[in-house]
Amino acid sequence: MTNIQYIHNHTQIAVKSIENTVQLLNEDCTIPFIARYRKDQTGNLDEVQIEQIAKLNKQFDDIVKRKESILKSIEEQNALSPELKSKIENSFDLQELEDLYLPYKKRKKTRADVAREKGLEPLAKIIMAQKNDDLDYLASKYLNDNVANEEEALQGARDIIAEWINENIFIRKTLRRTFQKKAIVETKVVKTKKEEEEAQKFSQYFDWNENLAKAPSHRLLAMLRAENEGIIKLKITLLDEDKDELLRFMDKNLIKNEGDSAYHIEKAIDDSYKRLLEPAISNEALQEAKTKADIKAIDVFSENLRQLLLAPPLGEKRILAIDPGYRTGCKVVCLDEKGDLLYNETIYPHAPQNETAMAMKKIKSMVNAYNIEAISIGNGTASRETEFFIKKIAFDKPVQVFVVSEAGASVYSASKIAREEFGNYDVTVRGAVSIGRRLSDPLAELVKIDPKSIGVGQYQHDVDQSKLKEELDNTVISCVNSVGININTASKSLLSYVSGIGEKMAENIVNFRTENGAFQDRNQLKKVPRLGEKAFQQAAAFIRIKEGKNPLDNSAVHPESYKKVEKMAKDLGISLTDLVANKDQIAKINPEKYIDETIGILGIKDILKELEKPGLDPRKAAKVFEFDPNVRTINDVRAGMILPGIVNNITAFGCFVDIGIKESGLVHISQLKEGYVSDVNEVVKMHQHVQVKVVEVDEARKRIQLTMVL
């Protein structure tokens, strides 16, 4: 089997599309570049499909490497028969490969190994042949200095048989299928932990059992976390009737007659199941369920992150940002259109200082002095009070007021990136700057923060960390390249996610910009140290140059197609500038006329679509939102209230909604709308403005149950 056949078997994508995609990946083309600018080669595959091909291609390579390693190991043991070699070479299932390798795997000395050293393997073979019933007499022939009596000889033979049964591929596959369908996950509380306060959040699992295959990902991850914290004991097992059925299956397949051998084989079967098979297969079943739960949790996290990164930007506005606080005051910063810090100050409008009048005067003065167009308030401690305070101020002109999530702002403010940007300012100023910038452009600001610190995940610290990082990095790359970036204002962090760039190249671009001034056209990228033709090919179309020499430089048209667009303009008898954004002229173009060996109909149609709306930001515009002014703390929330809210986290079991207080309320998946909902994202998105009804308030546990079925 080839890698192309392997990928096709798993995806059913057309073979030609897979071949071309793999070739492009091997040529170091990035997924965003392939998806956007090589549609004719891939057959219009999207990023998800291309990423799937890339993962399966790597998976195939890993399988091939594992096969080579297994074959080499068995060959070194002089145990590689032609039949075994053929089985290994023809298998492309990692689990099956490990089963084939099991008898030859290096391990600690087993009971079977000890029995073999005592010379008892021939006796085990006689028992398994099931042709001789006088086993006590036969066993007496194997007595020696290491084997004291017949029972010891027979026990050693049974140990060897038990290991053979454990290594039987057919039996292992059957057990594996049974555990995959019927395994039960059971939990019991550790008695000494039962009364501890920390354990109460896991009280549901103090005495719990359910079918492992049907356990939702969030529930399994919660159980595993509780086990890791020493609060519960968890085990994977089968119901007694399922266990008995497996033992009968093993008896039927291994015992050929009712003779004396049957007794010893049956004992070996029981021993093999309890001591070897059940622990190994149950652990496999748990690991497989954990892997699936990880994938689900990572998918939820990456989708939440995508929505957060693509949240509506306010755009290039002058912003006054406030990081609210009580005793330590509210840190205020003023930012220009590019997000550069103009001024910072601390005000004390709340208790204990209560310098409200002075604070109002300062805010009004800053708004006028720095021509502020919008105010961004962090949603942490004292957020609502600060919002009310700001709205009492009679500004001389209209000023929009926004409340934004400050999740991760403290992580950014203490980071190396923040120190590089604002080395002369303390962490409180940096945090306030982040709150302001994430209003003007959430994507540009949030890429500076480790995605795990943004707080939109589900058990993100419990899942496979390397897979989580890979998926989140891919999500950030996808978002950055789908929007495009202004190369003359983008930070090093933002640039590093551009297709073909990376961290070191991003630093070179920023240094070049600092030394030579703003980029005037995309071709200047080639003058950046170490940025070669390949990097230029991958990156150029994802960067934007506003008001540059060439109007196409502020579009998603790739420089490799510039001559094609210039010919279109020439054929119409107009200039390139007159063609861009001119829908009437673009409508006259026949796409078929411009197809050649370098670009097909899909590529040409993409160019025409981009020419109609060059540089259009795919994100929506930011909207002002107002919470219920009568709800400031959980004490103000009552069952039956209908409140405005903002979705601030999405999980597999529902979504959390910010209703303007410290505690977010939960809308369970069953309460999102009338009827069955299979995926929360079908109904709500991150930062969506929603109306919710309060179902229940538990002040003691700080929990609020909400419904969107009004």
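Counting from 1, the numbers follow the sequence of the chain as shown.
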Engineer: How close do D462 and K290 get, heavy atom to heavy atom, and via which atoms?
Structural biologist: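 The pair with the smallest heavy-atom distance is O-NZ, 3.0 Å.
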Engineer: Nearest 0.5 Å, what's the CD1-CG distance between I184 and D242?
Structural biologist: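 With rounding to 0.5 Å, CD1 (I184) is 7.5 Å from CG (D242).
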Engineer: Does atom OH of Y425 have more than 12 heavy-atom neighbours from other groups under 6.0 Å away?
Structural biologist: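 At most 12 heavy atoms, drawn from other residues, nucleotides or ligands, come within 6.0 Å of this atom.
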Engineer: Out of curiosity, M223 CE to I232 CD1, how far, rounded to the nearest 0.5 Å?
Structural biologist: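 One gets 7.5 Å once the value is rounded to the nearest 0.5 Å.
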Engineer: Give a yes or no on whether E674 atom CD has more than 12 heavy-atom contacts from other residues, nucleotides or ligands under 6.0 Å away.
Structural biologist: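 No.
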Engineer: Applying side-chain hydrogen bond (donor to acceptor under 3.5 Å, both in side chains) to S664 and N648, what does each step give before you reach the verdict?
Structural biologist: CA-CA 8 Å; S664 292; N648 63 359; 2.8 Å; yes
Engineer: Can you find a heavy atom in the side chain of V647 that is under 4.5 Å from one in the side chain of I650?
Structural biologist: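 Of all side-chain heavy-atom pairs linking I650 with V647, at least one is under 4.5 Å.
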Engineer: Only one of I435, V333, I390 forms a side-chain contact (heavy atoms from CB on, under 4.5 Å) with I322, so which one is it?
Structural biologist: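 Single pass found, and it is I390.
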Engineer: Donor-acceptor pairs under 3.5 angstrom involving side-chain atoms of residues 398-411: please list them, not counting sequence neighbours.
Structural biologist:
{"unit_1": "S405", "atom_1": "OG", "unit_2": "A407", "atom_2": "N", "d": "3.2"}
{"unit_1": "E406", "atom_1": "OE1", "unit_2": "N379", "atom_2": "N", "d": "3.4"}
{"unit_1": "E406", "atom_1": "OE1", "unit_2": "G380", "atom_2": "N", "d": "3.2"}

Engineer: Does D441 come within less than 4.0 Å of R437, counting only side-chain N to carboxylate O?
Structural biologist: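 Answer for the salt bridge query: no.
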Engineer: Does the side chain of T11 reach to within under 4.5 Å of the side chain of Q52, using non-hydrogen atoms?
Structural biologist: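 Sidechains of Q52 and T11: in contact.
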Engineer: On a heavy-atom basis, which atom in P324 and which in G378 lie closest, and how many Å separate them?
Structural biologist: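 In terms of heavy atoms, the two residues are closest at CG-O, 3.4 Å.
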Engineer: Hey, are E51 and K55 close enough for a salt bridge, meaning a charged N less than 4.0 Å from a carboxylate O?
Structural biologist: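 Salt bridge: yes.
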Engineer: Hey, are the side chains of V631 and V637 touching, using non-hydrogen atoms and a 4.5 Å cut-off?
Structural biologist: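 The answer is yes, as the side chains (C-beta and beyond) meet within the 4.5 Å cut-off.
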Engineer: Give a yes or no on whether a salt bridge exists between E445 and K448, defined as a side-chain N under 4.0 angstrom from a carboxylate O.
Structural biologist: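 Between K448 and E445 there is a salt bridge, with a charged N closer than 4.0 Å to a carboxylate O.
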Engineer: Which value, rounded to the nearest 0.5 Å, describes the distance between Y497 atom OH and I477 atom CD1?
Structural biologist: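 Y497 OH to I477 CD1: 7.5 Å, rounded to 0.5 Å.
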Engineer: Do L706 and L666 come close enough that some side-chain heavy atom pair is under 4.5 Å?
Structural biologist: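 The answer is no; the side chains never approach within 4.5 Å.
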Engineer: Would the distance check show the side chain of E610 and the main-chain N or O of A556 forming a donor-acceptor pair, the cut-off being under 3.5 Å?
Structural biologist: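 The answer is yes, because a donor-acceptor pair under 3.5 Å joins these two groups.
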Engineer: Got a donor-acceptor contact below 3.5 angstrom from the S440 side chain to the L314 backbone?
Structural biologist: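 No, the answer is negative, given that no donor and acceptor are paired below the 3.5 Å cut-off.
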Engineer: Do S678 and E682 come within less than 4.5 Å of each other through their side chains, counting heavy atoms only?
Structural biologist: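 A side-chain contact under 4.5 Å exists here.
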Engineer: Is it true that D617 and R619 make a salt bridge, defined as a side-chain N closer than 4.0 Å to a carboxylate O?
Structural biologist: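 Yes.
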Engineer: Verify whether one side chain among D698 and Q705 offers a donor that lies under 3.5 Å from an acceptor in the other.
Structural biologist: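 No pair is found: no donor N or O on one side chain lies under 3.5 Å from an acceptor on the other.
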Engineer: Just wondering, more than 12 heavy atoms not from K685 lying within 6.0 Å of its NZ?
Structural biologist: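 Yes, because the 6.0 Å sphere around NZ of K685 holds more than 12 heavy atoms from other groups.
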Engineer: Is the shortest side-chain N to carboxylate O distance from E385 to R632 below 4.0 Å?
Structural biologist: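 The answer is no: the pair does not qualify as a salt bridge.
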Engineer: Could you list the residues that satisfy salt bridge (Lys or Arg N to Asp or Glu O under 4.0 Å) with E612, not counting sequence neighbours?
Structural biologist: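 Result, salt bridge (Lys or Arg N to Asp or Glu O under 4.0 Å) vs E612: none returned.
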Engineer: Applying side-chain hydrogen bond (donor to acceptor under 3.5 Å, both in side chains), run through T356 and N354 and close with a yes or a no.
Structural biologist: CA-CA 5 Å; T356 309; N354 291 316; 5.2 Å; no
Engineer: Counting distance only, does the side-chain N/O of N211 pair as donor-acceptor with the main-chain N or O of K181 below 3.5 Å?
Structural biologist: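 Yes; at least one donor-acceptor contact below 3.5 Å.
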Engineer: Is any side-chain N of the basic residue among E696 and R638 closer than 4.0 Å to the acidic one's carboxylate O?
Structural biologist: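 So E696 does not pair with R638 through a salt bridge.
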Engineer: On a heavy-atom basis, which atom in E47 and which in S478 lie closest, and how many Å separate them?
Structural biologist: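 The answer is OE1-OG, 2.8 Å.
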Engineer: Any chance the side chains of S434 and R438 put a donor and an acceptor closer than 3.5 Å?
Structural biologist: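 Side-chain D/A pair, S434 to R438: present.
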Engineer: Do you know the tightest heavy-atom contact between A285 and L212?
Structural biologist: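 Closest heavy-atom pair between A285 and L212: O-CD2, 3.7 Å.
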Engineer: Can you find a heavy atom in the side chain of K623 that is under 4.5 Å from one in the side chain of H689?
Structural biologist: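 Yes; the side chains approach each other to less than 4.5 Å.
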Engineer: Go through it in stages, so that I can follow the logic: the residues are R430 and V433, the test is side-chain contact (heavy atoms from CB on, under 4.5 Å), and I'd like the CA-CA distance, side-chain angles, deciding distance and then a yes or no.
Structural biologist: CA-CA 5 Å; R430 298 171 193 165; V433 170; 5.6 Å; no
Engineer: Run the side-chain contact (heavy atoms from CB on, under 4.5 Å) check on M366 and V332 step by step: do they pass?
Structural biologist: CA-CA 10 Å; M366 283 184 264; V332 183; 3.9 Å; yes
Engineer: Check the orientation of H218 and F653. Use parallel for under 30°, tilted for 30 to 60°, and perpendicular for over 60°.
Structural biologist: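 If you compare the ring of H218 with that of F653, the planes turn out tilted.
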Engineer: Please confirm whether the backbone N or O of Q287 pairs with a side-chain atom of T291, one donor and one acceptor, at under 3.5 Å?
Structural biologist: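 Such a contact is found between T291 side chain and Q287 backbone.
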Engineer: Could you grab the distance from atom OH of Y412 to atom CG of L446, nearest 0.5 Å is fine?
Structural biologist: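 Result: 11.5 Å between the selected atoms.
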Engineer: Take a 6.0 Å sphere around NZ of K201 and say whether it holds more than 12 heavy atoms from other residues, nucleotides or ligands.
Structural biologist: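 For K201, atom NZ is crowded (more than 12 foreign heavy atoms under 6.0 Å).
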Engineer: Stepwise, does the side-chain hydrogen bond (donor to acceptor under 3.5 Å, both in side chains) test hold for N630 with D636?
Structural biologist: CA-CA 7 Å; N630 300 311; D636 300 324; over 6 Å; no
Engineer: Considering all heavy atoms of both residues, which atom of Q200 and which atom of K194 are nearest to each other, and what is their separation?
Structural biologist: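 Result for this residue pair: NE2-O, 2.8 Å.
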Engineer: Does D336 use its side chain to pair, donor to acceptor, with the backbone of D340 at less than 3.5 Å?
Structural biologist: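 Yes, the answer is positive, given that a donor and an acceptor are paired below the 3.5 Å cut-off.
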Engineer: Between E387 and K391, does any side-chain N to carboxylate O distance fall below 4.0 Å?
Structural biologist: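 Yes, E387 and K391 are salt-bridged.
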Engineer: Who are the salt bridge (Lys or Arg N to Asp or Glu O under 4.0 Å) partners of D473, not counting sequence neighbours?
Structural biologist: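 Result, salt bridge (Lys or Arg N to Asp or Glu O under 4.0 Å) vs D473: K469.
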Engineer: Can a side-chain donor-acceptor contact be found between T346 and K331 if the only test is distance below 3.5 angstrom?
Structural biologist: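 Side chains of K331 and T346: pair found under 3.5 Å.
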Engineer: Can K362 and E345 be counted as an ion pair, charged N to O under 4.0 angstrom?
Structural biologist: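 E345 and K362: salt-bridged.
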Engineer: Does atom NZ of K397 have more than 12 heavy-atom neighbours from other groups under 6.0 Å away?
Structural biologist: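 Yes.
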Engineer: Would you sort out whether H668 and T707 count as a side-chain hydrogen bond (donor to acceptor under 3.5 Å, both in side chains), showing the intermediate values?
Structural biologist: CA-CA 7 Å; H668 189 266; T707 180; over 6 Å; no
Engineer: Any side-chain to backbone donor/acceptor pair from Q691 onto M708? Under 3.5 Å, distance only.
Structural biologist: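 No; zero donor-acceptor contacts below 3.5 Å.
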Engineer: Could you give me the CA-CA distance, side-chain angles and deciding distance for T187 and K233, then say whether side-chain contact (heavy atoms from CB on, under 4.5 Å) is met?
Structural biologist: CA-CA 6 Å; T187 63; K233 295 283 186 185; over 6 Å; no
Engineer: Taking the side chain as every heavy atom from C-beta outward, state whether N649 and N304 have any atom pair closer than 4.5 Å.
Structural biologist: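 Sidechains of N304 and N649: in contact.
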Engineer: Do K188 and D207 sit within salt-bridge range, that is, some charged N less than 4.0 Å from a carboxylate O?
Structural biologist: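 So K188 pairs with D207 through a salt bridge.
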Engineer: Do I661 and I659 pass the side-chain contact (heavy atoms from CB on, under 4.5 Å) test, and can you show the C-alpha distance, the side-chain angles, and the key distance before you say yes or no?
Structural biologist: CA-CA 6 Å; I661 61 175; I659 54 173; 4.0 Å; yes
Engineer: When you compare the side chain of L341 with that of F422, does any pair of heavy atoms fall below 4.5 Å?
Structural biologist: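 Of all side-chain heavy-atom pairs linking L341 with F422, at least one is under 4.5 Å.
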Engineer: Rounded to the nearest 0.5 Å, what's the gap from CD on Q460 to CG on D450? Could you check?
Structural biologist: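 Reported to 0.5 Å precision, the distance equals 9.5 Å.
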Engineer: Restricting to non-hydrogen atoms, name the atom on I704 and the atom on E663 that form the minimum distance, rounded to 0.1 Å.
Structural biologist: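 Looking at all heavy atoms of both residues, the closest pair is CD1-O, 4.1 Å.
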